[in-house]
Structure formats: C-alpha cells, structure tokens
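This report refers to the structure that appears directly beneath it.
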Amino acid sequence: MTQPAARAYWITWVMLLALLVLTFALAHVRLGNLNAAVSLAIGAMKALLVALVFMKLRRASTLLAVFAVAGLLALAILFGLSGADYATRATTPAPWTSP
Amino acid sequence: IAWSTIPLAIFVGIFVWGARVYATLYQPADGAMKVFVVGKQWMWRVEHANGRREIDELHLPVDEPVRIVIATEDVIHSFYIPAFRVKQDAVPGRYTALTVTPTRVGTYELHCSEYCGTDHARMGGHVIVMPKDEFAQWLDQGAPEGGMAAHGKETFERLGCSGCHDPRATVHAPDLAGLYGRVVHLQDGRSVTADEAYIRDAILLPRKDVVAGYEPIMPSYQGQATEGDLLELIAYLKVVAPGDAMGQRTGTQSP
Amino acid sequence: MSYLTEGFSLRSWLFTKDHKRIGILYAIAITGFFFLGGIAATLIRMELATPAGDLVGADTYNKLFTLHGVVMVWFFLIPSIPSTLGNFLVPLMIGAREVAFPRLNILSWWIYVLGGIFVVLTLVLGGVDTGWTFYTPYSTMFSNSYVVMAAAGVFVVGFSSILTGLNFIVTIHRMRAPGMTWFRMPLFVWSQYATSLILVLATPVLAMTLTLMAVERLWHIGIFDPALGGDPLLFQHLFWFYSHPAVYIMVLPAMGVASEIITCFARKRVFGYKFMAYAILGIAGFGFLVWGHHMFVSGQSIYAGMVFSLLSYMVAVPSAIKVFNWTATLYKGSIEFSAPMLYALGFVGLFTVGGLTGLFLAALAVDVHLTDTYFVVAHFHYIMVGGTVMAYLGGLHFWWPKVTGRMYPETFARVAAVVMFFGFNLTFFPQYILGYLGMPRRYHEYSPDFQLLNVLSSAGASILAVGYLLPLVYFTWSIFRGRRAPPNPWHAKGLEWATTSPPPKDNFDTMPEVPTVPYEYDPREVAA
Amino acid sequence: MSEHTLGPAERAWRSETVSLGMWVFLLTEVMFFGVLFLAYFHVRHADPEGFGIASRHVHEWLGTFNTAILLTSSLSMALAVQAASGDDRKRLVRLLAVTGLLGAAFMGVKATEYFLEWKDGLVPGPGFRYSGAHRRTVEEFFFLYFVMTGVHAIHLTVGIGAVAWNALVARRERHVTRREDAIEALGLYWHFVDVAWVFLYPFFYLVLLYK
Ligand code: HEA
Ligand code: HEA
Ligand code: CUA
Ligand SMILES: [Cu+2]
C-alpha cells in the first residue's frame with residue numbers, strides 16, 4: 001500500500017497533543033452540562049484523527065471503511081434501544097400510586 | 001412485494017391489539033385496592049392493606065380491580081396466575097405491579113415462573129377469589145388493629161428507628177411525621193418530594209440524599225430491613241400525620 | 001489423491017490447516033457434545049414422565065437443564081452448520097483453495113476444545129444450575145454451583161466462533177474465484193456470510209457480559225446487583241442483545257442448506273434468488289433490534305416493550321419471504337423425495353410452525369401468559385431441533401458423498417428422517433398445549449393434571465432418540481462399506497460438485513471460472 | 001515461497017486482505033469495549049454527582065501525561081509502518097523499539113497510579129476504605145475504572161509483546177517488506193488501543209475538575 005508522507009503524521013501528532021491540552025484545560029472551566037459534551041466531542045475528534053490518518057481510513061477502500069463503522073452502528077443500536085428502556089421506565093406509572 | 005406487504009399488514013394489526021391489552025395490564029386503575037406480594041426463596045408472602053398476612057395464598061374479592069405490588073427479598077421471581085393469564089417478574093431493588101380484576105369465584109393455581117433456584121418448582125400456592133362480602137369478612141379476621149401501618153410501627157421500633165426519629169430522642173434526626181408528600185430540602189441544595197422511592201432510598205441508602213441541616217449519621221438498613229419491612233415502614237410513614245408523636249399513635253386509615 | 005489420503009498421522013489431522021479436515025474435526029467434536037446434551041435431555045424427559053420429582057432431585061434437575069441448554073446452544077448448535085459444513089463448503093463453493101487465514105481456522109478448533117474442557121470440568125466437579133441464561137442476581141449471589149467455570153467455557157468457545165466468523169467474512173470478500181460475483185454466490189454462502197457478521201458483532205458482547213458477571217460473583221462488586229447499585233435488567237439487556245441475534249446464527253445457516261437442497265431436488269432455480277439473498281441480510285440486520293421481546297414481563301418499561309414487539313414483527317417479514325420462496329421453488333418442480341430432500345422439507349415445515357408460534361410470543365399480551373412456560377420451550381425446539389438440526393442432518397446427507405467419497409444407504413436415511421419427524425412432533429407438540437395450559441418451564445415437579453401430555457412428550461423423545469442414533473450407525477457404516485460416490489451424484493449445480501469426491505487437497509485441479517448465475521437447473525433433466 | 005518476488009498487484013491484494021482481517025477483528029473489539037461503556041453510562045447516569053466526586057480521586061496529571069505518551073507512541077507506530085513498506089529495516093527496528101518503550105512507559109505510569117489508588121484504599125472490594133458521601137457510586141466508579149483501564153492495559157501488554165517480537169524478527173530479515181502486512185496489521189491494532197484510551201481518558205479523568 002502506498003504510504004502517506006511522514007509529514008502528515010507529524011502534523012497529526014501535533015494536532016492530537018494540542019487537542020489533549022485543550023480538553024484538559026477546558027475541563028477546569030465550569031461549563032455545566034457542556035463539560036461532558038465538550039470532552040466527548042474532543043475525544044471523538046482525536047479518535048477520528050487517529051483513524052483517518054494513522055489507520056489510513058482516509059485512503060482506504062470503502063470495504064474497510066464500512067467495517068470500521070459497522071461496530072459503531074451496532075453499538076448505537078445497543079445503546080439506543082436499551083436506553084429507550086431506561087429513559088421511559090420512569091414515565092411508566094409508578095407501581096404504587098398514592099392513596 | 002404483495003407477499004411481503006400482506007404479512008406486514010397482518011403483523012402490524014396483531015401488534016396493535018397485543019400492545020393495547022398489555023398497556024392496560026400495567027396501568028394503575030384508580031381506586032383499585034392494593035395487595036403487596038413479596039417473593040422469597042421459595043415462597044410468596046402476601047400482605048393486605050389492612051395488615052392481614054398470608055403465605056403462598058392470595059385471597060381476592062371478585063369483580064374488583066386489584067393492584068398487586070410485587071417485590072423480592074433475593075433473586076428474580078415471577079408471580080404467575082395461569083388462570084388469569086398474567087405474570088410479572090419480581091425484580092430485586094424495585095417494585096413492579098399488575099392490575100387485575102378477577103371475574104369468577106374459585107381457587108386458582110399460583111406459580112413462580114422465573115427460575116430462582118432449588119425449589120423453584122415448589123414455589124407457589126393458590127389464589128382464592130371470593131364473593132365480596134365473604135372477602136370482607138375474611139379480611140377482617142386476623143388483621144391487626146391499625147392495619148398494615150401497625151406492622152410498620154412495630155418494625156419502626158424493632159429496627160431502632162424510633163431511637164433517633166422519636167422527637168423525644170436525643171439524637172438530632174428529622175421528625176418523620178407527615179413526611180410523605182412533603183418537599184424535602186437536601187444538603188446539596190436539591191429539593192425532592194418525599195415519595196415511596198425517596199423513603200425507600202432514605203432507609204437503604206441514607207447517604208444518597210442527606211437532609212439539609214443534619215449529619216449523615218443514619219446507618220444503612222440494607223440487608224437488615226427486608227422487603228416486607230420496607231413495605232410496612234413506608235405504609236407507616238405514610239399515615240403518621242404532623243403532630244402525631246412518633247412511636248405512640250398510628251393512623252387508622254389504610255395507606 | 002484426495003485430501004483424506006494426504007496423510008494419516010494424528011498430527012496431520014490435529015494440526016492441519018486444510019479447511020476440509022477442520023470441518024471434519026468440528027463434526028466429530030460437536031457430535032460428542034450433541035450426545036452429551038442428548039443424554040441430559042433424556043434424563044429430563046424421564047424425570048418429567050411422572051409429576052413427582054422422583055427420579056432426580058430438584059438440584060440435579062436444575063443442573064441437567066442448564067447443562068442441556070449450555071451444551072446444545074454453544075457447543076452444538078451454534079458451531080453446527082457453520083463450523084462443519086461451512087468450513088468444508090464455503091471455499092469450495094466460491095472456488096477458493098483455502099480460507100483466508102488457515103492458521104486461525106485450526107486455532108479456532110483448538111479454542112473450541114479448550115472451551116469444551118471447561119464445560120466437561122464443570123460437569124465433573126458438580127455442575128451448574130443457573131439455566132443457560134445465567135440471570136443475575138441468582139448467578140452472582142445465590143447459586144452454589146460452578147458458575148464461573150461454566151461461564152469461562154462459554155467465554156472461551158465464543159472466541160472460537162469469532163475466529164470462524166472473521167475467517168468467513170474475509171474469505172468471502174477476498175477469495176472468490178474469477179467471475180464469482182456477489183449475486184452468483186450460492187445462498188448457502190450468503191447465509192454463512194450473514195451468520196458471520198452476527199457472530200463477529202454479537203459474540204464479544206456476551207463474552208464481556210459473562211466476564212462482568214463472573215467478576216461480580218467472585219468479588220461481590222459489579223453493576224448488576226441492586227445491592228451494589230446495579231441493575232439486574234442491565235444483564236438481561238446485554239445477554240439478549242447477544243442471544244437473540246444468536247438464534248439467527250442458529251437458523252440462517254439452516255436456511256442456506258435448505259435452499260441448496262430444495263432447488264436441487266426440485267430441479268428448479270431458486271425462486272426470487274435476489275430476494276432470498278436480501279432476506280438473509282435483512283434477518284441478520286433486524287435480528288439486532290428485537291432482543292427485548294425476551295423481557296416483556298421482566299420489569300422493563302412498557303414502552304420499550306412495545307417497540308421491541310413491533311420490531312419483532314418486522315423480522316418475521318424477511319422470514320416469510322423465505323418460506324414463500326421455497327414454496328414457490330417447489331411449485332411445479334419435478335420433486336424427488338430423496339433423503340436430503342425429506343430433511344429439508346421437514347425443516348421448512350417445522351421452522352414455519354416454530355416461527356409462527358414465535359409470533360404469538362411476540363404479541364405482548366399473549367406473551368405475558370406464555371412466557372416462561374412450556375410454550376416457549378416448544379417454540380424454540382421447533383425451530384432449533386425441528387428446524388436447524390433437521391437441516392444440518394439434511395446437509396450432512398446431501399454433501400456426505402462429497403465429504404467422504406461414499407454414498408450413505410438411502411433407504412435407512414429416509415426411514416430415519418421419517419422417524420425423526422414423527423418422534424419430534426410427538427415430543428414437542430404436546431408442549432405447546434402444556435404451555436398454553438400454564439405449565440411453567442424449569443419445573444421438575446408439576447401438577448398431575450399435566451401428566452398425560454408429559455408422558456406423550458417423553459414417549460416422543462425416545463422415538464426421537466432412536467431417530468438420532470440411526471444416522472450415527474449408518475454413516476459410520478458407510479465410511480467403510482458405502483458405495484463409492486461419483487463426483488456429482490445428485491447432478492447438482494455449484495462449484496463443489498465440479499471437483500472430485502472427495503476433493504483434492506487444493507480443492508480444484510484447475511482453477512474454476514464462474515460464467516453464470518447459480519442454480520441453472522432444468523426441470524426436464526431428472527436426477528439419476 | 002519467497003514473498004518479495006510477488007508482483008505489486010499481489011502485494012496490494014494481500015495487504016488489503018490482511019487489513020480487512022484486522023478491521024473485522026477490531027470490530028469485535030469495539031463491541032467488547034462497548035459493553036463496558038454501556039455499563040459506564042448506566043452508573044454515571046444513576047448518580048452523576050457521586051460520579052463527579054469519585055473522579056476527583058484519580059490522578060489527572062498522570063492520566064494526561066500518559067495520554068500524551070500513548071498518542072506519541074501512535075506516531076512512532078505509524079512511522080514504523082511506513083518504514084516497513086519502504087523496506088528500511090534499520091528505521092523500522094528503531095521505530096518499533098521506540099513504540100514498545102513508550103508503551104512500557106505508559107504501563108509504568110499506569111502501575112504507579114494503581115499503586116497510589118491502592119494506597120488510598122480505593123480498590124473496590126474488601127479493601128475499599130472510602131467512606132464519604134456517595135460511597136456506593138464511588139465504589140462503582142472505581143470498579144469501572146479498574147476494569148476498563150485494566151482491560152485496556154491487557155490489550156496494550158499484548159501490543160507491546162507483539163511489537164517486541166516483530167522488532168526481533170525484523171532485525172534478522174533481509175527484506176522487511178516481507179513483514180509489511182504483519183506490521184501494517186499490528187499498527188492498526190496499536191492505533192485501536194490508542195483510540196480506546198482516547199475515550200477512557202476524558203471519561204475517568206476529566207469528569208469534574210473545575211471547582
Ligand atoms: C433458532 C432459534 C430461534 C429462532 C429462529 C427464533 C425466531 C423467532 N422467535 Fe424465538 N426463541 C428462541 C429461539 C429462536 N427463535 C429461543 C431459544 C427462545 C427462548 C430462550 C429462553 O428463554 O431460554 C426464544 C424465545 C422467544 C420469545 C420470548 C418468549 C418468552 O420467553 O417469553 C419470543 C417473543 O417474542 C420469540 C419470538 C420469535 C420470533 C418472532 C421469531 C421470528 O424470527 C420467526 C419468524 C418466522 C416466521 C414468522 C415463520 C415463517 C413465516 C411465514 C410462514 C409467513 C406467514 C406468516 C404469517 C402471514 C403470519 N422467541
Ligand atoms: C440446540 C438446541 C437444543 C436441542 C438440540 C435440544 C434437544 C432436546 N431438548 Fe432441549 N433445550 C434447549 C435446547 C435444545 N434442546 C435449551 C436452550 C433449553 C433451555 C434450557 C434452560 O431452560 O436453561 C432446553 C430445554 C429443554 C426442556 C425444558 C426443561 C425445563 O424447562 O424444565 C426439555 C423438556 O422436555 C427439553 C427436551 C429436549 C429433547 C427431548 C431434545 C431432543 O431433541 C434431544 C434428542 C437427542 C437425544 C435423545 C440423543 C440421542 C442419543 C441417545 C439417546 C443416546 C443415549 C445414550 C445413553 C443414555 C448411554 N429441552
Ligand atoms: Cu421463585 Cu422461581
Ligand atoms: Cu428472541
């Protein structure tokens with residue numbers, strides 16, 4: 001397989017470390033509920049960078065890309081449908097109702 | 001295509017019908033009488049709202065909606081009355097419930113249908129559906145004065161709750177009279193309404209919601225208070241009105 | 001020179017990298033486990049012949065059905081068709097000389113054996129009594145049996161499934177012969193592909209879930225016990241997230257086998273080939289969306305229950321397509337009732353009955369009554385035993401000449417198929433009625449009212465046992481005494497029939513090319 | 001078969017096949033970790049506040065430092081893969097060594113963290129000594145923490161072993177392109193372990209740092 005230039009790797013690495021510093025810094029700032037969202041988003045960005053550049057998904061065949069994404073899809077189903085249970089359990093009528 | 005749309009249409013039809021019956025099963029009927037059932041390896045303990053207890057038997061009046069509240073001491077069990085076509089799992093750490101209306105007088109089988117260990121096959125008994133007046137009579141026999149809450153009061157003393165929560169006690173603990181339904185302010189600034197789940201957690205997990213102005217000294221009753229005890233304690237706490245001295249008087253109405 | 005005569009030492013078998021030999025190794029191993037599970041089933045049925053718990057005590061009975069479930073599901077049915085016929089046939093059918101990773105393939109067999117050792121060890125030490133579902137908190141806090149050991153066995157054997165699935169996926173993507181486009185692949189290969197996807201996606205979930213369960217049991221710390229702040233329903237969600245797709249692991253390969261046999265002995269092309277292929281993928285995909293139908297009365301939210309119920313009906317649509325297309329394939333074909341065909345037709349019939357009763361269970365209100373009764377037991381035995389085991393045996397007969405180079409005795413095979421069919425229905429049909437009448441499952445004692453039906457069922461089980469012993473006998477006989485098989489005894493289409501019986505080590509002497517769509521059968525041409 | 005005589009078309013075909021195998025394997029890994037993440041959300045959702053309190057007991061500086069180490073090891077791994085396909089044996093061996101050492105350094109820091117937490121009595125089970133508010137959630141937090149970082153550490157250990165082994169083999173190989181596919185697959189695995197950590201890091205170390 002043809003290899004991307006080393007420079008792309010170094011740039012990615014710098015970006016990754018920059019994101020690391022950013023997320024660490026932001027975690028010290030009070031953002032309320034946003035904190036969790038921000039750190040998750042930055043995590044996802046880092047993961048994406050690693051996957052696209054280091055793992056070469058950017059130039060991989062569609063086949064590989066499909067398999068790379070398939071797991072996320074299956075996880076989405078697992079989280080989504082079991083989440084559906086947890087999210088609606090509270091709204092089902094309480095087993096006891098007040099006298 | 002027709003071959004796949006036709007079954008699809010049939011399927012959706014069946015689904016809708018099934019779902020509606022299912023939903024009514026779990027909807028609490030207003031004003032339904034309540035029965036509390038606790039599964040335990042390997043028996044069913046029943047307590048009626050007025051405090052009458054039975055084991056492996058459940059007496060019900062005919063033609064009256066009943067809400068059966070189900071809990072378990074240990075593993076998952078499932079409360080199954082084949083003749084009524086109903087069952088519901090008893091899940092540790094929670095209450096589940098069913099609403100049924102028996103329509104015919106008679107004696108029916110009662111089973112445990114979720115595998116729960118050695119004597120799973122022997123865990124069960126009978127459901128006895130009686131005419132209303134007979135049932136009322138039956139219910140009064142052996143019911144303690146003051147109903148289920150009276151059991152709760154005994155438990156309240158037996159487990160030593162009154163040692164702290166009695167207003168005369170020297171320990172600084174909140175007065176529980178009239179607690180039920182009140183808004184409680186917590187140490188961490190949140191406010192919650194004291195419902196069954198809150199009271200249950202307060203007893204089992206006192207550290208979870210600490211009341212503002214108090215030290216977190218209350219011990220956890222996890223493992224000490226059984227599910228039956230909890231049901232009774234909650235029933236008791238629901239009826240003590242403000243002004244009632246804890247540990248002295250109990251309400252007379254049922255929860 | 002065939003793959004069978006490539007070497008006779010034990011080593012040449014146990015460390016072979018030949019997918020065909022590995023298929024045979026698997027066949028031997030799973031047959032052993034089938035009989036182990038069968039002995040447990042025999043004891044279960046003997047106990048249930050009388051209402052009293054007299055033959056075995058409660059604890060023994062509980063261990064018996066757990067052993068039966070664990071062994072039959074993970075050590076027999078899941079590996080059955082994929083690991084034996086699949087291993088043997090997938091490379092042949094797509095015109096490849098090997099699977100993509102031969103070394104992983106033999107490793108997978110060894111892992112299977114290791115997992116098997118754990119289970120046998122569990123049995124020897126004293127068994128496990130949680131049911132094959134390992135529900136918490138019974139399994140973590142209350143059971144006094146060898147839960148961790150058994151879970152370890154299932155965990156390990158899971159990796160053998162994963163490796164097989166991985167191998168098939170890559171093989172089917174990368175090793176097809178020139179001209180073998182996706183829509184020229186036999187449906188059997190399609191079914192193996194879909195099965196492999198499920199294996200790869202679902203099995204790790206089971207592995208991790210069982211690990212968490214074992215940790216909770218060993219150290220009393222975890223996420224399933226409410227006393228520790230966990231939720232027992234979380235275990236059920238995770239378990240069924242695996243186990244419902246797993247039931248399609250068990251049935252999809254059987255559908256593949258049935259398609260091959262039916263089209264061959266009806267002398268007609270598969271009706272709606274592309275729809276069949278899409279239906280296979282559809283079942284595999286939808287299969288991931290319905291697991292909650294095992295939890296309708298478990299205390300999950302009723303809204304979640306409704307969603308899962310609706311989705312369960314959706315999965316029946318592609319199943320319906322398959323049944324209709326088989327029927328259409330048979331329609332106006334020149335049908336030959338040879339032994340493999342009898343098995344395949346048995347599969348279609350019993351699967352349909354099992355599938356339709358599955359729909360009863362998926363209807364919420366009906367399930368509230370029927371769940372955890374014998375109705376459920378009957379439902380899944382209809383699909384798994386009546387369906388998949390029948391198809392597996394049909395496949396064994398169909399490809400037996402290819403695998404061994406010998407013909408089996410046709411008359412015996414037909415008799416066995418008929419005996420099995422009757423024995424099967426006698427065993428499990430009464431169980432539908434029992435369930436409807438309200439007999440809960442996992443009971444070693446029951447009310448005397450139910451005795452008649454239980455006796456019928458036990459009687460059926462003994463007939464079924466005879467039915468299963470027959471092939472064991474005549475297959476063994478035929479290896480030594482059977483008539484030599486020609487390369488293509490059924491005049492079937494497909495690359496596996498284009499090579500010798502048994503095939504050479506490298507499968508094909510000259511690399512095949514695939515110019516046309518599969519199943520170019522002609523109704524006028526009648527099998528020999 | 002002497003593989004370096006393979007034509008470019010065959011080389012590309014094999015590399016794609018091996019990569020596909022690895023990706024499918026990583027798919028199973030995603031599902032494997034997925035269960036743990038579901039458990040994580042379940043616990044966090046049940047008591048967000050206790051979760052935040054618990055997260056204050058881990059060593060966020062060590063964790064951040066470790067993340068940097070691991071990200072850097074991914075860089076050296078990517079460069080190593082490049083060296084392998086460029087048939088540059090010396091560079092390959094050197095980069096693999098760097099990668100392996102960085103991995104080992106990560107494990108060292110992780111071990112230190114574990115040790116500190118053990119000393120603070122934060123290991124769930126009988127030795128769990130924390131007794132402030134939300135004790136149960138804190139215990140659950142540390143249960144998840146040890147299980148999830150533990151599973152990650154096991155993966156990394158396997159990775160370090162494989163890197164070391166490949167470095168040793170490559171040293172004796174005349175044409176390292178022969179091992180190109182293996183190293184490519186190893187790289188994918190290594191990066192995946194890295195990605196898993198990229199999520200573990202904010203999930204455990206960055207929950208509630210602000211005051
Ligand atoms: C190979 C195994 C297999 C397969 C393929 C299936 C297939 C299906 N199963 Fe089954 N099932 C099990 C194995 C299997 N099951 C097992 C082992 C259990 C019990 C686990 C335990 O608790 O121990 C179980 C339990 C089980 C339950 C839970 C019961 C309970 O415990 O309460 C439910 C509920 O919905 C269910 C539903 C279905 C449905 C809807 C299908 C569908 O996929 C079926 C689709 C097929 C058809 C519908 C037939 C063909 C269609 C036609 C002929 C079209 C014509 C039809 C119409 C127009 C209506 N199954
Ligand atoms: C692939 C799956 C599979 C297969 C093939 C079978 C096959 C059979 N099963 Fe089983 N079964 C399950 C999967 C399977 N089962 C599962 C998952 C459960 C649920 C477990 C649980 O609740 O946890 C279950 C539960 C189950 C029960 C319910 C137990 C209970 O709930 O209390 C019953 C009862 O009749 C039963 C019967 C049978 C019978 C008679 C067969 C027959 O088809 C078996 C026929 C085979 C033989 C009979 C072997 C033939 C050989 C011999 C007879 C030689 C004997 C030799 C000597 C004795 C020396 N099974
Ligand atoms: Cu209680 Cu089964
Ligand atoms: Cu299912």
Side-chain angles (χ1 to χ4, degrees), chain B residues 1 3-8 10-27 41 70 74-76 78-96 98 108-109 111-122 124 204-205 208 222-223, chain C residues 53 57-59 61-62 129-131 133 135-138 141-143 225-227 229-233 275 295-299 302 305-306 309-310 312-314 316-318 320-321 324-325 359 362-373 437-447:
Chain B
I1 299 298
W3 283 123
S4 37
T5 40
I6 295 170
L8 185 65
I10 301 175
F11 293 158
V12 171
I14 305 177
F15 160 74
V16 170
W17 166 74
R20 285 182 51 180
V21 180
Y22 181 66
T24 44
L25 197 54
Y26 292 99
Q27 225 65 41
Q41 282 176 331
I70 304 165
D74 36 47
V75 302
I76 305 178
S78 193
F79 185 79
Y80 180 32
I81 314 172
F84 292 10
R85 305 280 183 269
V86 295
K87 69 167 70 71
Q88 172 61 50
D89 282 8
V91 186
R94 311 187 20 203
Y95 299 118
T96 50
L98 279 175
Y108 306 99
E109 298 258 327
H111 288 300
C112 170
S113 66
E114 181 63 60
Y115 176 68
C116 55
T118 309
D119 275 337
H120 163 63
R122 296 192 179 127
L204 294 180
L205 311 166
K208 190 174 150 205
Q222 190 124 49
Chain C
D59 282 327
Y61 183 83
N62 294 342
D129 72 345
T130 57
T133 46
Y135 271 17
T136 56
Y138 183 72
M141 300 295 173
F142 291 89
S143 171
D225 189 338
D231 180 3
L233 289 195
F275 273 101
M295 299 167 60
F296 287 153
V297 302
S298 67
I302 62 168
M306 290 180 190
S309 169
L310 184 62
S312 300
Y313 280 90
M314 296 302 126
V317 173
I321 294 181
F324 294 140
N325 284 7
L359 288 180
L364 289 157
V366 183
D367 186 68
V368 171
H369 172 45
L370 293 177
T371 181
D372 277 319
T373 66
L437 295 177
M439 175 168 165
R441 62 192 278 207
R442 296 170 171 177
Y443 268 31
H444 71 299
E445 285 182 347
Y446 54 90
S447 129

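In this text the structure is predicted, and so the values were computed from the model without any measurement. Letters A, B, ... mirror the listed sequences (proteins, then strands); counts begin at 1.
- For C:Ser143, no part sits under 4.5 Å from any heavy atom of chain B, backbone or side chain.
- For chain B, the nearby part of C:Leu370 is the backbone; its heavy atoms alone come within less than 4.5 Å.
- Between chain C and the options B:Glu109, B:His120, B:Glu114, heavy-atom pairs under 4.5 Å are most frequent for B:His120.
- The candidate with the highest count of non-hydrogen atom pairs below 4.5 Å against chain B, out of C:Gly53, C:Ser298, C:Gly131, is C:Ser298.
- No donor-acceptor pair under 3.5 Å is formed between the side chain of B:Thr96 and the backbone N or O of B:Ala90.
- Heavy-atom distances place no part of C:Ser312 under 4.5 Å from chain B, backbone and side chain included.
- Between chain C and the residues B:Ile81, B:Ile76, B:Asp89, the most heavy-atom pairs under 4.5 angstrom are made by B:Asp89.
- Between B:Pro92 and C:Pro137, the shortest heavy-atom contact is CG-CG, 3.7 Å.
- Comparing C:Thr136, C:Asp225, C:Thr371, C:Leu437 by heavy-atom pairs within less than 4.5 Å of chain B, the highest count is held by C:Thr371.
- The backbone N or O of C:Thr130 sits nowhere less than 3.5 Å from a side-chain atom of C:Tyr135 that would complete a donor-acceptor pair.
- For C:Tyr138, the parts lying near chain B are the backbone and the side chain together; criterion is any non-hydrogen pair under 4.5 Å.
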Criterion side chain to side chain contact (heavy atoms under 4.5 Å, CB included) on C:Arg442 and C:Tyr61, from CA distance to verdict | CA-CA 8 Å; C:Arg442 296 170 171 177; C:Tyr61 183 83; 5.5 Å; no
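- Between the side chain of B:Lys87 and the backbone N or O of C:Val297 there is no donor-acceptor pair closer than 3.5 Å.
- Across all non-hydrogen atoms, the minimal contact from C:Ile321 to C:Phe275 is CG2-CB, 4.4 Å.
- With a 4.5 angstrom heavy-atom cutoff, C:Thr133 does not touch chain B via any of its atoms.
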Please step through side chain to side chain contact (heavy atoms under 4.5 Å, CB included) for the pair C:Val366 and C:Phe296, ending with a clear verdict.
-> CA-CA 10 Å; C:Val366 183; C:Phe296 287 153; over 6 Å; no
